[in-house]
Structure formats: C-alpha cells, structure tokens
Amino acid sequence: LMHMVGKHGPEVPEPALKQRAIDGTNPITGKRPWHKRGNPNSRFNSYELMLEAYILATTRTERGLPRFTGKDGDDNNIVRMRLPGAGGGYMPNSKSKENPKFIGLDGFEMKFGDTDVPFTLFPIK
C-alpha cells in the first residue's frame, strides 16, 4: 500500500498538486518533464478514504462482485467505483496555463499489474 500513497496521498502539498497541472512537475521528486505539459492529477482527502478505497477495490469477490470492473487502455485490470468525497485534483487549463481548474472527485480507480497485484490507486471524477 505504501508505494501507492506517494503521488495521491493526502500529504501531497496543494502547491505541488497545482504545479503538476501547470507543467507536469512530479509532486514527490520535483522533477519537471522535458515537455513541460501539465498533467491532470488527484489526491485523496484523507488516509481513511484512501484505505476505504483500497479495501473496496480488493474485497470485491468476498462481497459477491466481479473482481474487476474493466480494463484500461494498456489492458490492465482495473476497479473503478464511486466513493463520495474521495478527493480532489487539478486539470490543466488551456485558456490560462498558470490557473489549472480544481475539481472535486467522488470515485476512485485501482490498477492491477500482470499478476493482478494492485500498483496504483487514485481518486477520479
């Protein structure tokens, strides 16, 4: 779980989250990509919500649900579910690069690798 906390945990400072939407700067390493394009980003509002998302995503079969809800563009198994108040994030703003748009997020996505081990967890719209 700890490797998932980094970029999407509630401890990511607001300015770092905003900067990622402006020029793509990684909120953990501070490294800026060569293309300097903003990335949409998100963080959970609390560790409790992050843990709730983790538990909801990893206990689906125990609750009589299909293990996954679909696949992403890279053919990874994923779980997407609603979780009101999960988090928030910034979207790049094409009209004003320095003013990304803040959005509240009421869902989450967990992605699973080749051996169906989760490798990332983040809030979504």
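Rounded to the nearest 0.5 angstrom, Met110 CE and Phe68 CZ are separated by 10.5 Å. To the nearest 0.5 Å, atoms CG (Leu17) and CZ (Arg43) are separated by 5.0 Å. Taking CZ from Arg80 and CD from Glu109, the interatomic distance works out to 4.0 Å, rounded to the nearest 0.5 Å. In this structure, CG in Asp116 is found 9.5 Å from CG in Asn76, a value given to the nearest 0.5 Å.
In this structure a side-chain-to-backbone donor-acceptor pair under 3.5 Å is missing from Thr59 to Glu62. The closest donor-acceptor contact from the side chain of Asn99 to the backbone of Asn93 lies at 3.5 Å or more, if one exists at all. In terms of modelled atom types and a separation under 3.5 Å, the side chain of Lys111 and the main chain of Ile78 share no donor-acceptor contact. Proximity of a side-chain donor or acceptor of Arg63 to a complementary backbone N or O of Leu56 within less than 3.5 Å is detected. With Asp106 contributing its side chain and Gly85 its backbone, the two residues share a donor-acceptor pair below 3.5 Å.
Lys71 and Asn77 form a side-chain donor-acceptor contact under 3.5 Å, judged by distance and modelled atom types alone. Between Gln19 and Tyr90, the side chains place no donor N or O within less than 3.5 Å of an acceptor N or O (distance only, hydrogens not considered).
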**OP:** Begin from the C-alpha positions of Phe44 and Glu52 and carry the test side chain to side chain contact (heavy atoms under 4.5 Å, CB included) through to its verdict.
**Re:** CA-CA 11 Å; Phe44 282 93; Glu52 185 175 348; over 6 Å; no
Subject >> side chain to side chain contact (heavy atoms under 4.5 Å, CB included) evaluation trace for Arg20 with Thr25 >> reply: CA-CA 5 Å; Arg20 184 160 175 83; Thr25 299; 5.6 Å; no
Please output the side-chain donor-acceptor pairs of residues 28-35 that fall under 3.5 Å, not counting sequence neighbours, one pair per line with the distance.
from, atom 1, to, atom 2, distance (Å)
Thr29, OG1, Lys31, N, 3.1
Arg32, NE, Asp23, OD2, 3.2
His35, ND1, Arg37, N, 2.9

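Other cluster members for Phe122: Ile124, joined by side-chain heavy-atom distances under 4.5 Å among Ile, Leu, Val, Met, Phe, Trp and Tyr.
A 6.0 Å sphere centred on CG of Asp114 holds no more than 12 heavy atoms belonging to other residues, nucleotides or ligands.
Across all their heavy atoms, Pro100 and Lys18 have their closest contact at CG-CG, 3.6 Å.
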